[in-house]
Protein chains: 2
Amino acid sequence: MVKNTGRPGYLQIADDLRAQINGGSLAPGTPLPSTAQLADRYDASLSVVKMAVGILRNEGLVVGQQGKGVFVRDAEERPAGDEPADLIELRAAVRDLSVRLAKVEEQLATSTSHRPGRSSR
Amino acid sequence: MVKNTGRPGYLQIADDLRAQINGGSLAPGTPLPSTAQLADRYDASLSVVKMAVGILRNEGLVVGQQGKGVFVRDAEERPAGDEPADLIELRAAVRDLSVRLAKVEEQLATSTSHRPGRSSR
DNA sequence: CAAGCCAACTAGGTTAACTATGTTGGTGAA
DNA sequence: TTCACCAACATAGTTAACCTAGTTGGCTTG
């Protein structure tokens, strides 16, 4: 894979994954193959795969969940195609901060009355 | 630079540069400081600076010319353009969230010095 | 003087290694 | 059975090191 057409590998991989998502080959809610699997499939290093996934993440097409995987977002909740990248970034930041804040707040709330950590398995 | 607010450094740098561009501090046609200079200014590695510039390049705010530099594009020829009131609101929200999160995180760090679970790492 | 070379810059791409952190499943002890 | 621990795997971020390739300016040489 990653033909030698001048177009950098991380863009080729991002293009391919984007096409699979838009083409329905990778349905919303399903996880992408892991970084290592993608690196193996495209015969690329982990770094370029991470860069490719980072692009899709930046575009809002996928969301990464640490420890679990990278999941394709529903078409409705992902940003419109012509939306400024600015907005995408900001929305991502808000989403990220909200999630983290909720986590920390919950931890704070439970740690005062209960034992923290490992709440759900 | 690159405060420890949880937001990754390459996004902080990208945010800062984007603000400078949108704020007119970096006028269209003018080159950004070189990668090395930015790395020095933000006290970050070359890699994170390259990632930050890569984001702006991806957004179309700047264009890189190999061997010369990275130049701010004219406002007309770059995507997006007019900022809806949405954007201002989002920016304020992000700032607010960042401050609140930093506070809570600090409180967590200082109040739980003996947190049980995962002791050995 | 002019041509060519070369050193010193620049952006860009790639790789490997390390750290941090979250998730999951298995194992073994109480 | 239930709980604590742990190993394996996941994303995410960062750093350092190489390599390619374009640009520029100075210096040497014809």
Side-chain angles (χ1 to χ4, degrees), chain A residues 1-14 17 30-40 42-58 62-73 92-93 95-97 99-100 102-104 106-107 114-121, chain B residues 1-14 17 30-40 42-58 62-73 105 108-109 115-121:
Chain A
M1 202 70 189
V2 282
K3 302 168 295 179
N4 194 12
T5 89
R7 188 155 174 82
Y10 70 94
L11 287 182
Q12 288 184 43
I13 296 178
L17 292 176
T30 63
L32 267 58
S34 79
T35 310
Q37 287 175 324
L38 288 176
D40 186 63
Y42 291 106
D43 191 30
S45 73
L46 292 176
S47 302
V48 307
V49 171
K50 290 208 285 185
M51 287 177 72
V53 174
I55 289 179
L56 300 184
R57 192 152 39 100
N58 198 276
V62 300
V63 275
Q65 245 180 301
Q66 208 168 283
K68 296 188 74 177
V70 179
F71 297 86
V72 180
R73 292 182 59 187
R95 234 178 288 121
D96 169 65
L97 284 169
V99 168
R100 283 170 46 214
K103 243 183 246 177
V104 176
E106 184 194 0
Q107 198 174 351
H114 289 68
R115 188 173 39 82
R118 351 219 63 206
S119 50
S120 64
R121 284 271 295 271
Chain B
M1 200 75 187
V2 284
K3 301 167 298 182
N4 193 13
T5 113
R7 188 152 172 84
Y10 69 94
L11 287 184
Q12 288 183 43
I13 296 178
L17 292 176
T30 63
L32 266 60
S34 79
T35 311
Q37 287 175 325
L38 288 176
D40 187 63
Y42 290 106
D43 192 30
S45 73
L46 291 175
S47 301
V48 307
V49 171
K50 290 207 284 187
M51 287 178 73
V53 173
I55 289 179
L56 300 184
R57 194 153 38 100
N58 199 276
V62 299
V63 276
Q65 245 179 299
Q66 210 168 279
K68 296 187 72 175
V70 178
F71 298 86
V72 180
R73 289 180 61 181
E105 281 176 337
L108 241 187
R115 177 153 115 230
R118 341 235 78 197
S119 51
S120 63
R121 275 302 271 259

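Below, chain A is the first sequence line, B the second, and so on; all start at residue 1.
Judged by distance alone with a 3.5 Å cut-off, no donor-acceptor contact links the side chain of A:Ser45 to the base of C:dA16.
Scanning all heavy atoms of the two residues, the minimum distance from B:Gln12 to B:Arg7 falls at NE2-O, 2.6 Å. Between A:Val62 and A:Val53 the shortest heavy-atom distance is CG2-O, 4.4 Å. Heavy atoms only, all atoms of each residue included: B:Val48 and B:Tyr10 are closest at O-CB, 3.7 Å. Nearest heavy-atom pair across A:Ala14 and A:Leu56 is O-CD2, 3.8 Å.
For the atom pair CG (B:Asp40) and CG (B:Leu46), the distance works out to 10.0 Å, reported to the nearest 0.5 Å. The structure places CD1 of B:Ile55 at 10.0 Å from CG of B:Leu17, a figure rounded to the nearest 0.5 Å.
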Every protein N/O within reach of nucleotides 6-10 of chain C N/O, cut-off under 3.5 Å:
{"unit_1": "C:dT10", "atom_1": "OP1", "unit_2": "B:Ser34", "atom_2": "OG", "d": "3.0"}
{"unit_1": "C:dT10", "atom_1": "O2", "unit_2": "B:Gly67", "atom_2": "N", "d": "3.2"}

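Comparing D:dA12, C:dT15, D:dT14 against the side chain of A:Ser47 picks out C:dT15 as the nearest.
Phosphate proximity of C:dT14 to A:Tyr10: absent, as no side-chain N or O sits under 4.0 Å from OP1 or OP2. Regarding contacts with the backbone of D:dA12, a side-chain N or O of A:Arg57 is found under 4.0 angstrom from either OP1 or OP2.
When rounded to the nearest whole Å, the span between CG of B:Leu46 and C1' of C:dG12 equals 12 Å. Counting to the nearest Å, the P atom of C:dG12 and the CD atom of A:Gln12 are 18 Å from each other. A:Met51 places its CE atom 14 Å from the C1' atom of D:dT14, with the value rounded to the nearest Å. Nucleotide C:dT15 holds its C1' atom 13 Å from the CG atom of A:Asp43, rounded to whole Å. If you take NZ of A:Lys50 and P of C:dA17, they are 13 Å apart, rounded to a whole angstrom. The interatomic distance linking B:Asn58 (CG) with C:dA11 (C1') rounds to 16 Å, in whole Å. For B:Ile55 and D:dA12, the CD1 to C1' distance is 13 Å, given to the nearest whole Å.
When the side-chain contact (heavy atoms from CB on, under 4.5 Å) test is applied to A:Pro33, the partners found at least two apart in sequence or on another chain are A:Gln37, A:Leu38, A:Arg41.
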